[in-house]
Chemist: 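I have a structure I would like to understand better, so I am pasting it below and will then ask my questions one at a time.
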Amino acid sequence: MKSSMTPTAVKQQVDVCIGKMGTPVGTLVYVKQGRRENTAFAYDAHWLANPDRFAISPDLDLMPGHQTRKAASAHDSPFHFAIADTAPDAWGRRVIARDHARRRKANTALAPLTEMDYLLAVDDFSRVGALRLRDEDGKLSGRYCRTVEEGQRSTPPLLALQRMYDASRAVEKGQETAEDLRYLQGKGTSLGGMRPKCTVIDEDGRLAIGKFPSVGDIRSVTRGEVLALCLAQRAGIDAAAARVVALDGVPVAIVRRFDRDDAHGRIPYLSAASLLQASREEDRAYTEIADAIRAHGHAPTQDVRLLWRRMLFNLLITNVDDHLQNHGFLHVGKGLWRLAPAFDLNPFPDKERESKTWLSEQDGPVNDVETLLARCAYFSLTETDALVVLAEVVTAVAAWREVALDPVVGLSPHELDDFAPAFEHEQMATARGLLK
């Protein structure tokens, strides 16, 4: 017989602010009752009257009153899309969950983690994009959630990378100490997946992501990502700056964060999934991203052409992990967005050359050059324009061995064979044939 008792509701409220100055944007109310989690967001009246106002998330119209959000499925976030983009990724959640499990062993009365707990566990300094969270105490102190807590570290400098790597490695092996977890807490990112990583302050004081090898790697994945990002820049793609730093022979990828700048500090960020308001279980297509760019883009023609160039590049380097969270947008002003620099580009020599995000509902995944050329007009390119882009991308990718051996990437000659199938394949041969 089922109990008729209603679960006790947990309710939390935080202020949502934006930018370096922390301009108030609105109030977020989170409610959990049993397994049900939902949120409501209301814009601040001053934000609605601000001449620089914009809708911080595609599912939050600029209007007074509370706008509710309920997860479409158990896999979706209960937060509105832009807010969900700032939550920790799978690696960050893993660290938070392991720390919490350890503390629950010592205190069985400790409540299970909620989605709000995960959201608030990210350091304010390194939270992705421009949104910042402040609770009731923060209103009085002027501090944001998880600015720096007693016993915790702020975002560490590059010199501390070895300590971060050691702690991450211990978590992967299930051998972490309480000190390891305290050190890693809050330093995950929203840009990525399950692989170990951290936020770090680079040598010039700029924010970056440190990406570590995983215990299960069978090739130098970190060097492979830096190689892909360097090739992307050669191919005319705006890509995140990256290099490899060796820790006693262990290659760590240092990837520059692109949601910060000297002029404005924090730049608002949206994933492509958020721009499309896509559920995590939905299959969406590049043509839909192009449509969203035309609706919300600052320079739509330029960006849809760049999107086509990225599709072609991904195909030729066998980057098949091109899901919607691995494409992003930066706010330019007045609710208009531009493509963020490319990131999370990885050659997969051992996988089938088939994109995770489809070209269109009719075409299916991106898996051949000729279909991409046939659809170039949808991305504002003439056939002549597309062939020029094809020549530039092919030239860049063809130089992969030379770039791989450059000290910035640092692959050794005997490691090149591990990556060769990602760059040397039938689609590359087809592309060359089309240019004759």
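From a predicted model like this one, the values you see are computed outputs, not experimental measurements. Computation of the quantities below employed the complete heavy-atom set of this structure, encompassing side-chain atoms and omitting hydrogens, waters and symmetry-equivalent molecules.
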Chemist: Could you tell me if Arg294 sits above the aromatic ring of Tyr378, with its cationic atom closer than 6.0 Å to the ring centre and no more than 45 degrees from the axis?
Modeler: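 Yes - Arg294 lies over the ring of Tyr378, closer than 6.0 Å to its centre and within 45° of its axis.
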Chemist: Less than 4.0 angstrom from a charged side-chain N to a carboxylate O is my criterion; do Lys211 and Asp344 meet it?
Modeler: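 A salt bridge links Lys211 with Asp344.
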Chemist: Are side-chain N/O atoms of Ser274 and Asp85 paired as donor and acceptor at under 3.5 Å?
Modeler: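 The criterion, which ignores hydrogens and geometry beyond distance, is satisfied for Asp85 and Ser274.
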Chemist: Please check if atom CD in Glu282 has more than 12 non-hydrogen atoms from other residues, nucleotides or ligands closer than 6.0 Å.
Modeler: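 It does: Glu282 CD has more than 12 such atoms within range.
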Chemist: Between Tyr118 and Arg93, is there a cation-pi geometry (under 6.0 Å to ring centre, at most 45° from the normal)?
Modeler: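 Yes, cation above the ring, under 6.0 Å and within 45°.
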Chemist: Between side-chain atoms of residues 336-343 and protein atoms elsewhere (two or more places apart, or another chain), which donor-acceptor pairs fall under 3.5 Å?
Modeler:
residue	atom	partner	partner atom	Å
Trp337	NE1	Gly335	O	3.4

Chemist: Which residue, Leu181, Leu113, Val171, forms the side-chain contact (heavy atoms from CB on, under 4.5 Å) with Asp99?
Modeler: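 Only one of Leu181, Leu113, Val171 forms a side-chain contact (heavy atoms from CB on, under 4.5 Å) with Asp99, namely Leu181.
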Chemist: Do His66 and Tyr43 have their ring centres less than 6.0 Å from each other?
Modeler: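 No, the ring centres sit 6.0 Å or more apart.
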Chemist: For the residue pair Phe423 and Phe419, categorise the inter-ring angle as parallel (less than 30°), tilted (30 to 60°) or perpendicular (more than 60°).
Modeler: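 Judged by the thresholds at 30° and 60°, the geometry between Phe423 and Phe419 is tilted.
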Chemist: Quick one: do Glu424 and Arg401 make a salt bridge, cutoff under 4.0 Å?
Modeler: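 Result for this pair is yes, salt bridge flagged.
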Chemist: Examine Phe79 together with Phe81 and report whether their ring centres are nearer than 6.0 Å.
Modeler: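 Not under 6.0 Å, so no.
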Chemist: Taking all non-hydrogen atoms of both residues into account, name the closest pair between Asp180 and Ala170 and its distance.
Modeler: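 Scanning both residues, the minimum pair turns out to be OD2-CB, 3.6 Å.
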Chemist: Does Asp217 pair with Arg195 as a salt bridge, N-O distance under 4.0 Å?
Modeler: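 Looking at Arg195 together with Asp217, the answer is yes, because their closest N to O distance falls below 4.0 Å.
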